[in-house]
Amino acid sequence: MKLNFYVTALAALLFSGNSLAATEVSPKLKQNLEIMRNILQTSLEQGKHSNVSRISHSYLAGQGVLFRTGTRGQFGHYFAMAPMPPAAPMPPIDHAAIAAISARATAAANTAMAGGHISEADIEDIAEQAEAQAEQMMEQQEQMQDQMRDLREQSRDLERELRDIEREKRDIEFARKVGKEDAEQQKQLTQLNNKNAELQKRLADTKQKYAAWEQDFQKKRDEQAKLAAQKQAELITSISVNFANTLCDYGASLREIKDNEFVSLQLETSQGRDSKDIYWVFKKSDINQCVSGKLKAETLLKKADYYQY
């Protein structure tokens, strides 16, 4: 009886006709969303966002539209260390300059998120300074890697020579035990001991130098990580300002989005397993006010929900 009941219920579901059919999104809404997607794509490409991936979008009935884009590994490339031939010594990293750029980027991000005005010129200036410091740091690290590789090879060569000396010494010691020690064997042993002491000193100096290089290299890696985070802050600030301005200038094209729905942007940062995407959520009613001139773009950005997940 139970089986017959389930079969009957399943049949009723399968043949209930339009009661289970999905509601189609209107062609006008699809057109609105595609127009805005193209506008956003063009706006980002014309700015300092060539590293941002192509925008996609989806619509949730009763919620609104979500636009998605990503950084395409923008920050990770600062950690890619390709082999490089020996180069001339480079000037030391200006840590004060890095700290100043980082402070400017953080202040700009905080100002933008608080609804303050950030000009495109300021954002571009911060980006250019950060780019210059990052490029210099990458060149230094590539040079250091090459020199550290040479030190590792020198250490291996010295260790190989020391093993050869120890083997020769064992051969002489064995010959002295089974036969009569002669002056030539004693001379060879003395030479080997002297060479062994010399190589031991050279090996210790090489390892000490390598340890110092490695420590300095790690410091520069840490500075590079700060620059990557700083460039991320600059990019996030620039994209948020760009998105708010675009919504104010062209938000009227989203006329099919209801006033109680939302227009959101998701930025995928592509920074590994523990990375968090960044979201901006704007009320359509606020966008309408900005389009009509009742709100400025800075105020629209301040009113938006901004979070990471």
Side-chain angles (χ1 to χ4, degrees), residues 25 29 32-34 36-41 43-45 47-79 102 105-116 118 123 126-127 130 224-248 250-251 254 257-288 290 295 297-309:
V25 174
L29 176 56
N32 284 182
L33 300 182
E34 188 60 25
M36 179 54 73
R37 190 201 68 78
N38 291 333
I39 292 173
L40 287 171
Q41 190 72 53
S43 178
L44 289 176
E45 289 175 354
K48 296 287 186 177
H49 313 296
S50 59
N51 54 317
V52 174
S53 62
R54 188 160 183 81
I55 294 176
S56 62
H57 67 278
S58 58
Y59 175 74
L60 297 175
Q63 299 298 316
V65 59
L66 171 65
F67 294 100
R68 295 182 300 274
T69 187
T71 58
R72 295 193 303 194
Q74 153 73 3
F75 313 107
H77 84 275
Y78 289 105
F79 300 95
S102 180
T106 301
N110 292 336
T111 300
M113 292 308 140
I118 300 295
I123 294 174
I126 294 172
Q224 195 176 49
K226 291 179 182 178
L227 273 177
Q230 164 191 322
K231 285 185 68 61
Q232 183 190 32
E234 173 270 323
L235 180 67
I236 292 169
T237 303
S238 183
I239 288 176
S240 64
V241 171
N242 183 288
F243 190 52
N245 286 332
T246 302
L247 291 177
C248 285
Y250 303 100
L254 293 171
I257 297 290
K258 297 179 177 62
D259 288 352
N260 62 346
E261 293 183 328
F262 302 89
V263 178
S264 306
L265 176 66
Q266 175 185 357
L267 177 65
E268 299 175 351
T269 57
S270 304
Q271 287 185 293
R273 185 178 60 184
D274 297 327
S275 66
K276 294 180 180 180
D277 294 342
I278 299 164
Y279 295 81
W280 295 266
V281 182
F282 296 82
K283 293 180 180 179
K284 177 57 166 39
S285 57
D286 291 337
I287 296 173
N288 292 341
C290 196
L295 288 181
E298 292 87 353
T299 306
L300 177 65
L301 183 58
K302 184 177 181 180
K303 290 171 71 68
D305 289 329
Y306 169 77
Y307 65 95
Q308 292 181 319
Y309 178 75

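These numbers come from the heavy atoms of this one structure, side chains and all, not from hydrogens, waters or symmetry mates. All residue numbers refer to positions in the sequence shown, counting from 1. Keep in mind that what you see is a predicted model, and the values were worked out from it rather than measured.
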> What closest approach, in Å, do C290 and A297 show between heavy atoms, and which atom pair accounts for it?
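That closest heavy-atom pairing would be SG-N, 3.9 Å.
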> With a 4.5 Å cut-off on side-chain heavy atoms, are L295 and K303 touching?
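Of all side-chain heavy-atom pairs linking L295 with K303, at least one is under 4.5 Å.
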> Where do L265 and I239 come nearest, in terms of heavy atoms and distance?
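Closest pair (atom of L265, atom of I239, distance): CD2-CG2, 3.7 Å.
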> Keeping Q41 on the side-chain end and I55 on the backbone end, is there a donor-acceptor pair under 3.5 Å?
yes
> Does any non-hydrogen side-chain atom of I278 lie less than 4.5 Å from one of I236?
yes
> In terms of side-chain heavy atoms, does R68 have a donor or acceptor partner in S58 at a distance below 3.5 Å?
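Yes, side-chain donor-acceptor contact under 3.5 Å.
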> Walk me through whether Y306 and Y279 qualify under side-chain contact (heavy atoms from CB on, under 4.5 Å).
CA-CA 6 Å; Y306 169 77; Y279 295 81; over 6 Å; no
> Test D259 against N288 for side-chain contact (heavy atoms from CB on, under 4.5 Å), laying out the working first.
CA-CA 8 Å; D259 288 352; N288 292 341; 2.7 Å; yes
> Run the side-chain contact (heavy atoms from CB on, under 4.5 Å) test on E34 and H57 for me, step by step, so that the C-alpha distance in whole Å, both residues' side-chain angles and the decisive distance to 0.1 Å come before the verdict.
CA-CA 8 Å; E34 188 60 25; H57 67 278; 3.4 Å; yes
> Considering non-hydrogen atoms only, spot the tightest contact between K284 and L254 and give its length.
CE-O, 3.1 Å
> Any donor and acceptor pair, going by atom type alone, linking the side chain of T69 with main-chain N or O of S53 inside 3.5 Å?
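Confirmed, T69 side chain pairs with S53 backbone.
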> Between L300 and C248, does a side-chain contact (heavy atoms from CB on, under 4.5 Å) hold up when you go through it step by step?
CA-CA 8 Å; L300 177 65; C248 285; 3.6 Å; yes
> Does atom OH of Y250 have more than 12 heavy-atom neighbours from other groups under 6.0 Å away?
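For Y250, atom OH is not crowded (no more than 12 foreign heavy atoms under 6.0 Å).
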> Measuring from I287:CD1 to I257:CD1, what's the distance to the nearest 0.5 Å?
9.0 Å
> Is the F243 ring parallel, tilted or perpendicular to the F67 ring (thresholds 30°, 60°)?
perpendicular
> Counting distance only, does the side-chain N/O of E261 pair as donor-acceptor with the main-chain N or O of G62 below 3.5 Å?
yes
> Indicate whether the side chain of S43 and that of N242 have a donor and an acceptor atom separated by less than 3.5 Å.
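Their side chains do contain a donor-acceptor pair, which is all the 3.5 Å distance test asks for.
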